Number of protein chains: 2
Amino acid sequence: MSNPIEGPGASGGAEDPTEAALTAVEHQISVLWRRGRSVSHQLSRQVHPDMEPAAYGLLSVIRRQGPIRLTELASSIGVGKPSVSRQIAFLESLGLVSKEADPLDGRAQSIRLTPRGEEKMHQVQDARREVFRERLAEWPPEELQTLATYMAKLNAIYERDGFPKDETA
Amino acid sequence: MSNPIEGPGASGGAEDPTEAALTAVEHQISVLWRRGRSVSHQLSRQVHPDMEPAAYGLLSVIRRQGPIRLTELASSIGVGKPSVSRQIAFLESLGLVSKEADPLDGRAQSIRLTPRGEEKMHQVQDARREVFRERLAEWPPEELQTLATYMAKLNAIYERDGFPKDETA
DNA sequence: CTAGAATTGTTGCCATGAGCAACCCAATCG
DNA sequence: CGATTGGGTTGCTCATGGCAACAATTCTAG
């Protein structure tokens, strides 16, 4: 229990403000992270009853970036090719995406949303945004903007390597 | 941070600063979320081989809140009892936590860190904090504090129900 | 032109982790 | 007492992601 440098929960007491702020940020990150995880299920289920959270993420990226190759998709969400391959196969079986051979490269394939996929995503994302907006509506836009800016900064810092998330709820 | 996806009721949403800020926040949440997930393994493994990500989270809560019952622990991190039960069993086998019968309630058990668990956590959290601090060191404390505050507000809003996370990278 | 990289995507196998349901055991209520 | 509730555990299953091995194709020497 000797505590030269205090841990997050170990009320350090009179620490410097940076230390305290760090602790607070860490804590909020973990709460946010955990909450998001526990809810992603329900969100993806709206697109399709059988759809899992991971697949939703893919659809979202595809929708945003347009036709994309599998490898690119994988790297863009930081996940291995095998996972993406399987997810895409699944989504294809649901008729939400389609794979087209790239005429320039016989190996590659272009993945895109089907009209049905587009429609589904449109519905779901709209609904989600509706709730989101509804709840955050009372926030002053400046604050929201500040939040976004700081989060971007936070994200930028951890661009490639480890994220020292606390995991604590 | 312009997002081509507009909300249904967002008549002229592109010009609405709130709308823009919302979009930005959403996006940052998803980036943060994804980043944290993709890295949590490597991080906890890196600090200690036999400490799994999930277990680390539990230890962290226990350390913060002191002796706690399993059910309470489970609900505090938003996960089912079975998962926690197994994790705790694992941690016990590592000698990091101990289960004691609650004298007041024979069914319940009080879970606490063993001295060794405390020591481990101390090491691990120190290491994590080191990295964290290192990278955020240049951030003005006020900004960090603001970030923490806003994130707390954000988290509070979605206390119980769906979190409209976008999942997009 | 052809043999050997390199790359795209798929599949096999495995590990982690979470949920559901069924189950014990203690406590409490009638 | 017996019945019901509540805390924890275990069995089963599934989702997900990683690594490795593979197939098919393109690129790069020589």
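Lettering follows sequence order; numbering is per chain, from 1. Fair warning: this is a prediction, and the values are worked out from it, not measured in the lab.
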side-chain contact (heavy atoms from CB on, under 4.5 Å) with A:L96: which of A:K120, A:E119, A:M121?
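Only one option passes, and that is A:K120.
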Minimum heavy-atom separation for A:L144 and B:V25, please, with both atom names.
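Shortest heavy-atom contact: O-CG2, 3.5 Å.
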Return the minimal non-hydrogen interatomic distance between B:S76 and B:V61, and the atom names on each side.
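Closest approach of B:S76 to B:V61, heavy atoms only: OG-CG1, 3.6 Å.
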Within the sub-3.5 Å range, which N or O atoms of nucleotides 3-5 of chain C have a protein N or O partner, and how far apart are they?
none

Protein-nucleotide distance ([X], atom [atom1]; [N], atom [atom2]), rounded to Å:
{"X": "B:L70", "N": "C:dA18", "atom1": "CG", "atom2": "P", "value": "13 Å"}
{"X": "A:I88", "N": "C:dT8", "atom1": "CD1", "atom2": "C1'", "value": "14 Å"}
{"X": "B:F90", "N": "D:dT10", "atom1": "CZ", "atom2": "C1'", "value": "18 Å"}
{"X": "B:K99", "N": "D:dG7", "atom1": "NZ", "atom2": "C1'", "value": "12 Å"}
{"X": "A:Q87", "N": "D:dG18", "atom1": "CD", "atom2": "P", "value": "12 Å"}
{"X": "A:Q109", "N": "D:dA23", "atom1": "CD", "atom2": "P", "value": "18 Å"}
{"X": "B:Y56", "N": "C:dG17", "atom1": "OH", "atom2": "C1'", "value": "19 Å"}
{"X": "A:K81", "N": "D:dG18", "atom1": "NZ", "atom2": "P", "value": "13 Å"}

Do side-chain atoms of [X] reach the backbone of [Y] as a donor and acceptor pair under 3.5 angstrom?
{"X": "A:S60", "Y": "A:Y56", "answer": "no"}
{"X": "A:S110", "Y": "A:P67", "answer": "no"}
{"X": "A:R63", "Y": "A:G117", "answer": "no"}

Atom pairs, N/O to N/O, protein against nucleotides 12-14 of chain D, distance under 3.5 Å?
{"residue": "D:dC12", "atom": "N4", "partner": "B:R86", "partner atom": "NH2", "Å": "3.4"}

As a quick check of understanding, evaluate side-chain contact (heavy atoms from CB on, under 4.5 Å) for B:M151 and B:L147, giving each step before the final call.
CA-CA 6 Å; B:M151 285 186 73; B:L147 175 58; 3.9 Å; yes
For a quick check of understanding: with a heavy-atom distance under 4.0 Å over all strands, which category does A:S83 fall into, base, sugar-phosphate or nothing?
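Here A:S83 touches the bases of the nucleic acid.
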Passes side-chain contact (heavy atoms from CB on, under 4.5 Å), A:I88 versus A:L73? Steps please.
CA-CA 10 Å; A:I88 292 298; A:L73 188 51; 3.9 Å; yes
From A:Q109 CD over to A:L70 CG, what is the distance, rounded to the nearest 0.5 angstrom?
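Between A:Q109 CD and A:L70 CG, I get 6.0 Å after rounding to 0.5 Å.
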Using 30° and 60° as the class boundaries, would you call the ring planes of A:W139 and B:Y150 parallel, tilted or perpendicular?
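Rings of A:W139 and B:Y150: tilted, as their planes differ by 30° to 60°.
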Taking only the side-chain heavy atoms of A:V79 (C-beta and beyond), determine which of C:dT10, D:dG17, D:dT10 contains the nearest atom.
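The closest nucleotide is D:dG17.
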Given D:dT16, D:dA20, C:dT8, which nucleotide is nearest the side-chain atoms of A:T71?
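Given the options D:dT16, D:dA20, C:dT8, the side chain of A:T71 is closest to C:dT8.
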May I ask you to test the A:M51-A:L91 pair for a side-chain heavy-atom distance under 4.5 Å?
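A side-chain contact exists here, since the closest heavy-atom pair is under 4.5 Å.
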Letter per nucleotide, 5' to 3', of nucleotides 25-30 of chain C [B base touched, S only sugar-phosphate touched, - untouched; heavy atoms, 4.0 Å]
-BS---
